[in-house]
Amino acid sequence: MPTTLGPVTLQRSDLDLATWLVSGGRPHAPGQPLSHPITPVSTFEHGTDRIYSRSDANEAWDALEAVLGGLEQASALIFSSGMAAISSVFDQLPAGAKVLLPDDCYHGVAHTAQDGAARGRWIFERLAVDDTDAWADRMPDADLIWLESPTNPLLTVADLATLCRLDRKPGSILVVDNTFLTPLRQLPLDLGADVTMQSTTKFIGGHSDLLGGALATRDDALLGRLRRSRTLLGSAPGALEVFLTLRGLRTLAMRVDVAEANARLLAARLGEHPGVATVRYPGVGSMISFDAVDGARAEQACSRVRVIRHATSLGGVESSMERRAATPGQEHLPAGLIRFSVGCEAADDIWADLDQALVP
Ligand SMILES: *Cc1c(COP(=O)(O)O)cnc(C)c1O
């Protein structure tokens with residue numbers, strides 16, 4: 001007879017991150033499945049704290065929050081998309097608040113700031129993310145400091161260690177959008193950020209088959225306010241998305257390792273290619289932005305790729321790329337700029353595809 005153990009709870013602090021990703025948050029008792037099932041439900045029989053899915057959801061949701069929170073030694077909240085998570089942060093702002101954001105950052109954040117300012121809800125200012133002195137100058141009277149590093153799409157790197165420790169107003173919120181690097185490559189909460197944000201649509205999910213977002217914080221009062229905002233804005237994730245996100249997350253460590261090794265090699269080769277004017281690669285992660293010699297050549301390359309997919313978004317196992325200036329609202333970007341999300345295919349196949357696409 002096998003020995004039957006009672007219920008087991010694994011602790012993040014006892015485990016390497018890679019082990020936590022694979023093993024954290026699973027049901028762990030005799031006769032239990034190894035993964036939480038998909039539970040399509042809106043309401044629960046009265047008698048416990050679990051009442052309604054917009055606020056309390058189900059065990060798979062708790063497991064995903066436990067695994068994500070464990071990565072950052074923090075508490076995590078999951079949302080229906082990255083933008084839903086971002087909206088709950090902006091939802092915290094008092095009337096007339098002052099917002100700082102990078103001059104290059106995710107376009108949805110910039111549009112949120114612009115639309116709210118147009119309605120008189122707040123004022124905002126955009127600063128170069130690598131101009132630490134400018135941030136030091138403006139930070140003391142800002143209510144929300146929104147940072148992203150490396151930035152999307154120009155891959156500019158901020159000195160987060162310094163920015164997160166600058167003098168700030170009490171009650172202000174400093175957020176780092178950590179979508180491009182994930183907690184495996186950068187831990188902004190350890191540097192002093194109040195909140196980290198992830199579009200789990202990207203690397204965390206990893207398979208381009210879902211939309212999701214997450215926030216993590218070590219500040220319990222702020223966590224409570226963000227949770228309340230999620231409930232009231234109605235931005236809870238669906239049962240299928242939670243299942244898929246948790247399933248994708250199990251392989252995050254190996255996907256990040258393979259894609260990053262591919263990106264290092266491809267960034268070096270792109271730098272030598274006659275069809276490429278500039279390569280922007282921060283040396284970590286698997287996002288590369290490079291400039292084809294002009295917009296027409298960039299369009300041509302995007303139309304010729306076969307292994308790499310010509311599509312927006314990023315962070316999937318499959319490589320994808322697009323000319324960012326072709327996106328409405330992104331016309332200010334260099335015309336030939338291609339944002340390239342390096343995937344987990346064999347590097348030589350990705351390179352052969354790129355090479356044939358970039359040759360005149
Ligand atoms: C995609 C993305 C977002 C928005 O996330 P959605 O899941 O699409 O709502 C925010 N920040 C960055 C850096 C992104 O790449």
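Note that the structure is predicted; figures quoted are calculated from it, not measured. Counting starts at 1 for both ligands and their atoms, following the listed order.
The atoms of ligand 1 that sit less than 4.0 Å from any heavy atom of Met83 are 5 (O), 6 (P), 9 (O). Listed by atom number, the atoms of ligand 1 under 4.0 Å from Gly212 heavy atoms are 7 (O). Each of the following atoms of ligand 1 lies closer than 4.0 Å to a heavy atom of Asp177: 10 (C), 11 (N), 12 (C), 13 (C).
Annotation: atom 5 (O) of ligand 1 to nearest protein heavy atom, Ser199 OG, 3.0 Å. Atom 8 (O) of ligand 1 has as its closest protein heavy atom Tyr106 OH, 3.9 Å. Of all protein heavy atoms, the one closest to atom 7 (O) of ligand 1 is Thr201 OG1, 2.6 Å. For atom 14 (C) of ligand 1, the nearest non-hydrogen atom of the protein is Lys202 NZ, 2.9 Å.
Proximity of a side-chain donor or acceptor of Arg54 to a complementary backbone N or O of Ala236 within less than 3.5 Å is not detected.
Between Thr231 and Ser55, the side chains place no donor N or O within less than 3.5 Å of an acceptor N or O (distance only, hydrogens not considered). In summary, the side chains of Thr179 and Asp177 do present a donor paired with an acceptor at a separation below 3.5 Å, with no hydrogens or angles considered. Judged by distance alone, the side chains of Thr39 and Glu59 never bring a donor and an acceptor atom under 3.5 Å apart. Remark: the Glu345 side chain and the Ser319 side chain contain an N/O donor-acceptor pair separated by less than 3.5 Å.
The shortest side-chain heavy-atom distance between Pro282 and Phe180 does not fall under the 4.5 Å cut-off.
Annotation: Gly82 places an N or O atom under 3.5 Å from an N or O atom of ligand 1; distance criterion only. Between Glu148 and ligand 1, no pair of N/O atoms sits closer than 3.5 Å.
At a 4.0 Å cut-off, not a single heavy atom of Ser313 sits close enough to ligand 1 to count as contact.
Taking the six-membered ring for Trp and the full ring otherwise, Trp122 and Phe90 have centroids separated by under 6.0 Å.
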